[in-house]
Novice: 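Take this structure first; my questions come after.
What you see below is based on every heavy atom in this structure, not just the backbone, and it leaves out hydrogens, waters and symmetry mates.
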Amino acid sequence: MSLKIYNVMSRSKEDFVPLTPGVVKMYACGITVSGDAHVGHAYQSVVFDVITRYLRYKGFDVTYVRNYTDVDDNIIKNANAIGQDPMEFAEEHIATIDKQMDALGNNPPTVMARATHCIDDIIKFIEQLIANGHAYAADTGDVYFRLASFPEYGKLSHINMEKNEVAVRKDLEPGKQNDLDFALWKSAKPGEIYWDSPWGRGRPGWHIECSAMNMRFLGEQIDIHGGGRDLIFPHHENEIAQTESVTGRPFAKYWVHCGLVKINGQKMSKSLGNGILLRDMLAKYDADIIRFALLRNAYSNDIDINDSFFPDAARHIYKMYSTLARVNSADKSKADSAKTETKIAEITAEFEHAMDDNFNTGHMIASSFGWFDFIDAELRKPASNYDLSAIAAHIVKLFGVLNILQADACTYISSVKDAFLRTHNITTEFIADRLNARADAKKNRDFARADAVRDELLSMGLQVCDTPHGTEWDIKF
RNA sequence: GGCUUGGUGGCAGAGUGGUUAUGCAGAGGACUGCAAAUCCUUGUAUGCCGGUUCGAUUCCGACCCAAGCCUCCA
């Protein structure tokens with residue numbers, strides 16, 4: 001079975017064949033650090049992290065470049081609003097977001113590129129575009145891309161600019177030769193941050209930095225170019241125009257875009273004030289839960305976050321860890337290695353079947369419910385014919401591609417329980433006391449009393465369970 | 001107006017030219033003093049209309065509806 005990737009350019013699933021066998025060059029547009037990171041950024045970063053991990057699982061040598069755009073109009077505006085130097089502002093946000101990405105469980109990209117660290121590359125790139133007639137410098141010190149010089153413009157988003165009248169901006173900036181031309185270099189206004197260039201003091205326009213950084217770190221052609229779906233137009237369209245105007249060759253072989261995040265069915269936006277910040281997510285949920293929730297559907301779809309979105313994921317993660325923890329005490333005396341191997345192969349096949357289909361993590365997770373059901377069913381038998389701990393270890397290994405379930409199961413369960421008791425001000429002594437009271441009542445066959453104790457604990461969010469090994473308590477989800 | 005993506009059971013959400021995953025919720029059962037957890041069984045769906053086909057939810061076309069992009073956006 002071979003990996004298939006949905007290519008936005010061709011609007012179809014294609015077999016994945018990299019430019020160089022065994023090697024993958026991937027670029028995903030990261031964050032413009034004009035503010036705090038939100039769920040949308042988290043989603044996009046997790047998706048491309050998992051794509052990288054799966055490509056490596058398949059044996060590819062992956063170079064994953066991701067960028068921070070750390071200079072742009074909004075950064076300057078937002079920094080000015082709080083009286084901070086824009087570079088300092090960007091620097092602080094990058095430091096914060098780096099930490100959050102780590103807490104989210106993302107691997108650092110192979111290269112974390114930054115626009116302001118590549119100003120020379122950007123200037124060089126623009127010079128090339130001017131030299132071959134694709135760009136022009138205005139008297140104002142601005143440089144624009146001449147859209148008419150790139151007839152294929154619109155091939156990714158399938159927009160025909162002549163028909164797409166609404167797109168034409170009427171606020172024609174002085175020096176622009178055509179409404180559709182877009183800025184490659186913007187001259188600095190007095191007091192604004194600037195870099196020296198052949199066109200005077202200024203800064204890069206949006207779009208050009210990604211073309212320049214791609215060229216610098218990955219070369220003229222790459223295998224996969226990704227980002228959020230909102231970047232298809234105009235950002236990626238402009239990148240294509242810039243890069244292909246310089247190289248004369250197709251830029252990226254596969255264009256991959258993840259869906260957008262909605263909150264309770266509504267678009268997440270600043271004006272609605274319904275955005276969820278990554279910071280707040282991380283304060284409430286661990287990386288296992290967040291990643292599980294984000295990866296439960298296909299990356300190309302939008303995600304709609306409702307009230308049960310994260311709690312649902314939390315319950316599933318807890319349940320899966322519970323099963324893994326129970327495996328530790330399984331009886332191995334009747335374990336058959338051939339049967340175990342067959343089961344492991346079957347699980348692997350299901351895993352790859354789902355992931356090979358355009359990285360369908362949602363399908364993979366759905367399959368995994370069957371794996372856990374299998375283990376739970378075997379655990380009910382006195383002695384399984386399977387080596388359940390070997391199977392569980394294999395499942396954990398596969399989940400490593402999603403970077404989920406990688407903690408020690410018993411440790412995870414007990415830390416969740418501890419955290420629950422702490423936030424609810426419950427002590428283990430108290431629980432032991434109530435459990436003893438219930439045991440006494442049960443001994444006296446005073447079941448009304450015993451049930452009253454159980455209800456009391458239940459009202460505090462604790463579930464009492466009688467097991468063959470004695471009475472235990474758990475969190476009631 | 002242009003473009004894109006979708007419309008699947010109570011909700012969420014996959015795959016598939018011919019027995020329609022999975023999760024939550026529901027029903028029945030095993031287990032239990034009763035529960036919980038777990039397991040087993042189970043009901044309910046493919047927007048509308050045409051076409052291709054022996055057969056379409058899946059392919060094609062029209063239509064309706066929704067979301068997104070066309071302005072900064074992951």
Novice: Classify A/Ala298 by what it touches in the nucleic acid, base, sugar-phosphate, or nothing, heavy-atom distance under 4.0 Å.
Specialist: sugar-phosphate
Novice: Mind checking the C1' distance from B/G43 to B/G9? Whole angstroms is fine.
Specialist: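 Pairwise C1' distance, B/G43 against B/G9, rounds to 10 Å.
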Novice: Within this structure, what is the CG-to-P distance between A/Asp357 and B/U22, rounded to whole angstrom?
Specialist: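 It works out to 17 Å between those atoms.
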Novice: Can you see if the side chain of A/His41 gets near the phosphate of B/A74 - specifically, an N or O under 4.0 Å from OP1 or OP2?
Specialist: yes
Novice: Without decimals, in angstroms, what is the distance between A/Leu156 CG and B/G2 C1'?
Specialist: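 Roughly 16 Å, once rounded to whole Å.
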Novice: When the C1' atoms of B/G61 and B/C54 are considered, how many whole Å apart are they?
Specialist: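 Result for the C1' pair: 22 Å, nearest Å.
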Novice: Roughly how far apart, to the nearest Å, are B/U46 and B/C65 at atom C1'?
Specialist: 16 Å
Novice: On a whole-Å scale, what distance lies between the P atoms belonging to B/A21 and B/U57?
Specialist: 16 Å
Novice: Given B/C3, B/A30, B/G33, identify the nucleotide with an atom nearest to the side chain of A/Ile159.
Specialist: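 Of all the options, the side chain of A/Ile159 is nearest to B/C3.
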Novice: Tell me whether the OP1 or OP2 atom of B/A12 has a side-chain N or O from A/Asn297 closer than 4.0 Å.
Specialist: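 Checking B/A12 against A/Asn297, no side-chain N or O comes under 4.0 Å of OP1 or OP2.
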Novice: Take the angle between the ring planes of A/Tyr153 and A/Phe233 and call it parallel below 30°, perpendicular above 60°, tilted in between.
Specialist: perpendicular
Novice: Less than 4.0 angstrom between a side-chain N/O of A/Lys319 and OP1 or OP2 of B/G23, yes or no?
Specialist: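 False: A/Lys319 side-chain N/O out of range (4.0 Å or more) of B/G23 OP1/OP2.
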Novice: For A/Phe372 and B/C24, give me the distance from atom CZ to atom P, rounded to whole Å.
Specialist: 14 Å
Novice: Does the side chain of A/Arg66 come under 3.5 Å of the side chain of A/Tyr64 through a donor N or O and an acceptor N or O?
Specialist: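 A/Arg66 vs A/Tyr64: donor-acceptor pair found between side chains.
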Novice: Considering only heavy atoms and no angle criterion, is a donor-acceptor pair shorter than 3.5 Å present between the side chain of A/Asp312 and the base of B/G23?
Specialist: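 Check fails, no donor-acceptor contact within cut-off.
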Novice: Can you tell me how far P of B/A12 sits from CG of A/Asp304, to the nearest Å?
Specialist: 8 Å
Novice: Identify whether any heavy atom of A/Arg438 sits under 4.0 Å from a base atom; if not, whether one sits that close to sugar-phosphate; answer base, sugar-phosphate or nothing.
Specialist: base
Novice: When you compare B/G6 with B/C63, how far apart are their C1' atoms, in angstrom units rounded to a whole number?
Specialist: 16 Å
Novice: Using a heavy-atom cut-off of 4.0 Å across all strands, would you classify A/His38 as base, sugar-phosphate, or nothing?
Specialist: base
Novice: Is there a donor and acceptor pair closer than 3.5 Å between the side chain of A/Arg454 and the base of B/C34?
Specialist: yes
Novice: Atom CH2 of A/Trp473 and atom C1' of B/A37: how far apart are they, to the nearest Å?
Specialist: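 Taking CH2 of A/Trp473 and C1' of B/A37, I get 15 Å after rounding.
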Novice: Applying a 3.5 Å limit to both distances, which nucleotide forms a Watson-Crick or G-U wobble pair with B/G43?
Specialist: none
Novice: Does the B/C40 base have a donor-acceptor partner in the side chain of A/Asp373 within less than 3.5 Å?
Specialist: no
Novice: If you check every side-chain atom of A/Arg11, which of B/U5, B/A74, B/C39 has the closest atom?
Specialist: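 From the listed options, B/U5 comes nearest.
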Novice: Check A/Asp72 with A/Arg203, please: is the shortest side-chain N to carboxylate O separation under 4.0 Å?
Specialist: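 Looking at A/Arg203 and A/Asp72, the cut-off is not met.
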Novice: May I ask you to say what A/Ile232 touches in the nucleic acid, namely base, sugar-phosphate or nothing, with a heavy-atom cut-off under 4.0 Å?
Specialist: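 No contact.
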Novice: When the P atoms of B/G50 and B/C11 are compared, how many Å lie between them, rounded to an integer?
Specialist: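 These two P atoms come out 26 Å apart once rounded.
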Novice: Assess whether side chain to side chain donor-acceptor pair (under 3.5 Å) is satisfied between A/Gln100 and A/Arg279, documenting all intermediate values.
Specialist: CA-CA 7 Å; A/Gln100 290 170 340; A/Arg279 188 199 317 137; over 6 Å; no
Novice: Take atom CZ in A/Arg449; do more than 12 heavy atoms of anything else shown fall under 6.0 Å from it?
Specialist: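 No, not enclosed.
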Novice: Do A/Lys343 and A/Trp371 meet the cation-pi criteria used here (NZ or CZ under 6.0 Å from the six-membered ring centre, within 45° of the axis)?
Specialist: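 Because its charged atom misses either the 6.0 Å distance or the 45° angle limit, A/Lys343 does not stack over A/Trp371.
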Novice: Could you check whether A/Glu14 and A/Ser10, counting side-chain N and O atoms only, form a donor-acceptor pair closer than 3.5 Å?
Specialist: yes
Novice: Tell me which nucleotide, if any, is Watson-Crick or G-U wobble paired with B/G9 when both distances must be under 3.5 Å.
Specialist: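 When the pairing criteria are applied, nothing turns out to pair with B/G9, so the answer is none.
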Novice: Report which part of the nucleic acid A/Asp451 touches: base, sugar-phosphate, or nothing (heavy-atom distance under 4.0 Å, all strands).
Specialist: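 Base: the residue A/Asp451, judged by heavy atoms under 4.0 Å, touches a nucleobase.
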Novice: Any chance the side chains of A/Thr63 and A/Thr110 put a donor and an acceptor closer than 3.5 Å?
Specialist: no
Novice: Using only modelled atom types and a 3.5 angstrom limit, is any donor from either the side chain of A/Arg449 or the base of B/G33 paired with an acceptor on the other?
Specialist: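 Absent.
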Novice: With a non-hydrogen cut-off below 4.0 angstrom, is A/Asp466 in contact with a base, only sugar-phosphate, or nothing?
Specialist: base
Novice: Tell me whether the rings of A/Phe351 and A/Tyr54 are parallel (<30°), tilted (30 to 60°) or perpendicular (>60°).
Specialist: perpendicular
Novice: Write down the partner of B/U38 under the Watson-Crick or G-U wobble criteria, each distance required to be under 3.5 Å.
Specialist: B/A30
Novice: Rounded off to whole Å, could you give me the CG-to-P distance for the A/Leu294 and B/G23 pair?
Specialist: 20 Å
Novice: Which whole number of Å gives the distance between the P atom of B/A25 and that of B/G18?
Specialist: 32 Å
Novice: Pick base, sugar-phosphate or nothing for A/Arg445, based on heavy-atom distances below 4.0 Å to the nucleic acid.
Specialist: nothing
Novice: Could you tell me the Watson-Crick or G-U partner of B/C54, where both distances fall under 3.5 Å? Say none if there is no partner.
Specialist: B/G18
Novice: Taking any strand in view, what nucleotide pairs with B/C69 in a Watson-Crick or G-U wobble way, both distances under 3.5 Å?
Specialist: B/G2
Novice: To the nearest Å, how far apart are A/Phe369 CZ and B/C39 P?
Specialist: 12 Å
Novice: B/U22 and B/G15: how far apart are their C1' atoms, nearest whole angstrom?
Specialist: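 Those two atoms are separated by 11 Å.
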Novice: Taking NZ from A/Lys476 and P from B/A35, how many angstroms apart are they, rounded to a whole number?
Specialist: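 A/Lys476 atom NZ is separated from B/A35 atom P by 13 Å.
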Novice: Output yes when at least one side-chain N/O atom of A/Arg326 is less than 4.0 Å from OP1 or OP2 of B/U38, else no.
Specialist: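 No.
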Novice: Indicate, with a heavy-atom threshold strictly under 4.0 Å, whether A/Val47 touches base, sugar-phosphate, or nothing.
Specialist: nothing
Novice: Among B/G15, B/C39, B/A21, which nucleotide sits nearest the side chain of A/Ala366?
Specialist: B/A21
Novice: Classify A/Gly227 by what it touches in the nucleic acid, base, sugar-phosphate, or nothing, heavy-atom distance under 4.0 Å.
Specialist: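 A/Gly227: backbone/sugar contact only, no base atoms under 4.0 Å.
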Novice: With sugar-phosphate meaning primed atoms plus P, OP1 and OP2, does A/Val261 contact a base, only sugar-phosphate, or nothing at under 4.0 Å between heavy atoms?
Specialist: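 The answer is base, as A/Val261 lies within the cut-off (heavy atoms under 4.0 Å) of a base atom.
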